[in-house]
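Notes follow once the structure below has been shown.
Numbered from 1 within each chain, the chains take letters A, B, ... in sequence-line order. Predicted model, so just to flag it, every value in this text is computed and none were measured.
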Protein chains: 4
Amino acid sequence: MLQAARSAFEEQGLGVPLGEIARRAGVGAGTVYRHFPSKEALFRATIVDRIELFTDTARDLADVADPGAVFFRFLSSVVRLAARNKALCDALEAAGAGRFEPSPGVGEDFDDALEVLLRRAQEAGAVRQDVGIADLRALLVGCLSMERALPGCGSDGGVPGRMTALMCDALRAERAVTELETEPVKRNESRCGVCGAAISAARTGRPARYCGGACRQKAHRARERTRQT
Amino acid sequence: MLQAARSAFEEQGLGVPLGEIARRAGVGAGTVYRHFPSKEALFRATIVDRIELFTDTARDLADVADPGAVFFRFLSSVVRLAARNKALCDALEAAGAGRFEPSPGVGEDFDDALEVLLRRAQEAGAVRQDVGIADLRALLVGCLSMERALPGCGSDGGVPGRMTALMCDALRAERAVTELETEPVKRNESRCGVCGAAISAARTGRPARYCGGACRQKAHRARERTRQT
Amino acid sequence: MLQAARSAFEEQGLGVPLGEIARRAGVGAGTVYRHFPSKEALFRATIVDRIELFTDTARDLADVADPGAVFFRFLSSVVRLAARNKALCDALEAAGAGRFEPSPGVGEDFDDALEVLLRRAQEAGAVRQDVGIADLRALLVGCLSMERALPGCGSDGGVPGRMTALMCDALRAERAVTELETEPVKRNESRCGVCGAAISAARTGRPARYCGGACRQKAHRARERTRQT
Amino acid sequence: MLQAARSAFEEQGLGVPLGEIARRAGVGAGTVYRHFPSKEALFRATIVDRIELFTDTARDLADVADPGAVFFRFLSSVVRLAARNKALCDALEAAGAGRFEPSPGVGEDFDDALEVLLRRAQEAGAVRQDVGIADLRALLVGCLSMERALPGCGSDGGVPGRMTALMCDALRAERAVTELETEPVKRNESRCGVCGAAISAARTGRPARYCGGACRQKAHRARERTRQT
DNA sequence: TATGAATGAGTATTCATTCAT
DNA sequence: TATGAATGAATACTCATTCAT
């Protein structure tokens, strides 16, 4: 059933009727609900492992030599895989808009792992300094849109990558032309996701996500609630 | 009524219920159908003039000096305007996926005008040679996705532009680090949309769209049918 | 399993999903069905003993001195216990509407035992003469409704009793201001439940329920069928 | 359609499928939703006028001589009318449990009008002093339960009133036997419905419902939200 | 015998489109 | 011609009951 849901979501995105999934799985609609409490829960279940795979890969690459090449290669491969997968595209877009979280922590773990690769590439001088992790998330969404928009690519069965290569060039540090107007949107410079208070950026350690324990706890409870939905 | 539809579509995209549009216009739903045979026809009607405006602007810029600056400025302004307009975003994305055409010829005219600016900028050495008009269309869709994905931009009321600036950098000739894998998809190198035969690229004049008069006529009749739907 | 069903029904009434009961019992839904042919049968099984307990208590009180006090105390205690038990409330209400019978004979035994207390109290001059057992059954349902309707009582965890005390006052002989319009509905004056013929009221012995042996047998077979459902 | 909904709700209560209502009205389900945004809104619409009728009647009776007789007659007639109407029964019961409000203010107006009759009857010495408006609301629910529980009454087409007459006797002041344990639950002695703070009872004027302007405003906004549902 | 996965009819709600007036 | 009431298919979700293992 998960397989049926996966393929249905990958082809048609979050919009597939649940009945279609049940039909593909050869079961009744009720059976789907027996296993997953809601359509969104099923959707989450079909993509968490994909995102975790990305996260794991990124973590594995954190120590590999030539951080610049590693970063660009990783970015390209993520786009290449996700562009064929409307479920991932929908999820990334919805997550960007704050309408969706695959599973508590999964999105953040991915961000963290990606940020490490970005930082290393920046420190190695391979990637321009004025982009942050939030830029990168948006860029990912954009690449997917582009690859899918390009005729003969994405869902059409073509080989994606062309537009992503273009984007990678945009990120390269050498000969940066335009200076981006605003400061890079780095997560550890942004605000507490719960109360909105400014968070002072610590130089070392994992960047703080909340302004303090109270808000972290509040967010944790919210995640718990989400997990039960 | 067109005004009501326009604002509704701009705010909520193709997803607005038709009843909402009728309500805003202060008329009955039937009256909307009296003037437009379907919701999609109404949608088309609300965006053609926007696209034509872009087309006209692009044509006006075709003779202005400093083709590189002109090109980048035009691109940015299109994104800036469209990012606040969910109707345009939806239309561009759907058009890219081949699911939608604003009106026969309108999309192509825009492409043509945009292509002229692109060519001039390329000839002036400002834009890398390995991108084509199809790339540019995809890139437009991607920019809109990115701007809307970036927190505090797009629909959130922020000032778009950051990601577009990045994209523009990607297009600059002096940044062309990677050679794009596949050949740029140039329209006049593609195939006849009707019979699929290869079309020999003419060096001058408006690029041929069909392999000959028979196919052009066939396509015209198809468009007539579409227009009535 | 019976215990799990009991607590579930007591808390949420007949409306609990069967799956919830199975979950509480730590068994599969199929196992519940192995023991009870339907949800209603399980429901019946969880309340018969409660009603039988009431019946037994009433029988024990049939000889106790001060019939008036006994009657009122019994009535109050039934309400007090049942008000906290949504299963009993639902059962009593449905039984009153003729939609439900806990088990063949159980409801009638309760009625009989209650009727004895009522008669004794009436003979002792403590309860007004113009109420019958059918009135009392309705009154029970009403008391439960009232206790549950009163804020801070019933399901809210408050102490029930206030409205029941009022009802008891209504039953007291010395309060009989109004003469009840219609005759009290006495069961032994009603009609044969099978053929509808009038049943002559015997002064002594257990009141006849059917007009004769033929109808009694017919009713018995019907009960057997019900038991299997 | 309102007529169809009314009769359906009256017969089967809030539980009627919306499709049944549509069928009775001879229209599609969508048409019902055209006129009423939700099933509950339709339900409200079918009972507000009934409750307002009660309220108006009660107000008209506020000046009539012999307050005791007026009070009891009014109570009986409300029960008589409502007992045949499962919609009203459901509404009164749900309202008592705080799960439902027919329309902003309607329930409170009814309470106010009823309270006036109660107070007058108490001042005239016709009704015992130890019952309050909250008791009366519960009592109403109880009477309806009883009348419907009595065989041959309520929905069965019989003449209701018997149990209500009994309840009226319970309310009569002359020779009150039991003193009700707790204080009467009078609304103006209870707590602020918003913040729960105690409200000091004013001797004159309309009894305060909220502890102050802040809470009154909060409740007003809540009602506004309800009205839009 | 016990299990729990599967079933499928039923419910409220939405919305593009049609059509009588 | 303009209206807006009517339509009905579609969708997510629930739950009593069945049945293969």
- Message: Any salt bridge linking D/E93 with D/K86? Criterion: basic side-chain nitrogen under 4.0 Å from a carboxylate oxygen.
- Response: no
- Go through the steps to decide whether C/E40 and C/R99 satisfy the test salt bridge (Lys or Arg N to Asp or Glu O under 4.0 Å), and finish with yes or no. CA-CA 11 Å; C/E40 198 187 308; C/R99 291 193 310 264; over 6 Å; no
- Task: Would you kindly give the CD1-to-C1' distance between A/I21 and F/dA12, to the nearest whole Å?
- Result: 11 Å
- Item | First of C/R34 and B/Y33 reached from the 5' end of DNA chain E, by closest nucleotide | C/R34
- Starting at CG of A/L88, measure out to CG of A/L144 and round the result to the nearest 0.5 Å. 8.0 Å
- In whole Å, what is the span from the CG atom of B/L42 to the P atom of E/dC15? 16 Å
- Using the salt bridge (Lys or Arg N to Asp or Glu O under 4.0 Å) rule, take B/E10 and B/R50 through it: C-alpha gap first, then chi angles, then the decisive distance, then the call. CA-CA 11 Å; B/E10 284 180 3; B/R50 300 296 155 129; 3.4 Å; yes
- Note on the structure: A/F110 meets the ring-ring contact (aromatic ring centres under 6.0 Å, His included) criterion, sequence neighbours left out, with none
- Message: With nearest nucleotide decided by heavy atoms, which residue, D/M1 or B/H35, maps closer to the 5′ end of DNA chain F?
- Response: B/H35
- Quick one: salt bridge (charged side-chain N to carboxylate O under 4.0 Å, His left out) partners of D/K39, sequence neighbours excluded? none
- Query: How many Å lie between CD on B/E20 and P on E/dA16, as a whole number?
  - Reply: 11 Å
- What base-paired stems does DNA chain F take part in, with at least 3 consecutive Watson-Crick or G-U wobble pairs and both distances under 3.5 Å? E:2-21 with F:2-21
- Please walk me through it: do C/F43 and C/F100 pass ring pair (Phe, Tyr, Trp, His ring centres under 6.0 Å)? CA-CA 11 Å; C/F43 182 70; C/F100 172 76; 5.5 Å; yes
- CD1-CD distance between B/I21 and B/Q12, expressed to the nearest 0.5 angstrom: 9.0 Å
- Message: Please determine whether a side-chain nitrogen of the Lys or Arg among A/D49 and A/R44 lies less than 4.0 Å from a carboxylate oxygen of the Asp or Glu.
- Response: no
- Enumerate the residues from residues 22-30 of chain A whose closest heavy atom to DNA chain E is under 4.0 Å, giving them by residue number; use none for an empty result. A/G26, A/V27, A/G28, A/G30
- After noting the C-alpha distance and the side-chain angles of D/E11 and D/R24, does the key distance pass the salt bridge (Lys or Arg N to Asp or Glu O under 4.0 Å) rule? CA-CA 13 Å; D/E11 288 167 27; D/R24 288 191 191 209; 3.0 Å; yes
- Quick one: is B/T31 getting a side-chain N or O under 4.0 Å of the F/dT3 phosphate, OP1 or OP2? yes
Under 3.5 Å, which donor-acceptor pairs do the side chains of residues 26-35 of chain A form with other protein atoms, sequence neighbours left out?
none

- Task: Strictly below 4.0 Å, heavy-atom distances to any atom of DNA chain F: list the hits from residues 5-19 of chain B, or just say none.
- Result: none
- Task: Find the distance A/K39:NZ to F/dA12:P and express it as a whole number of Å.
- Result: 4 Å
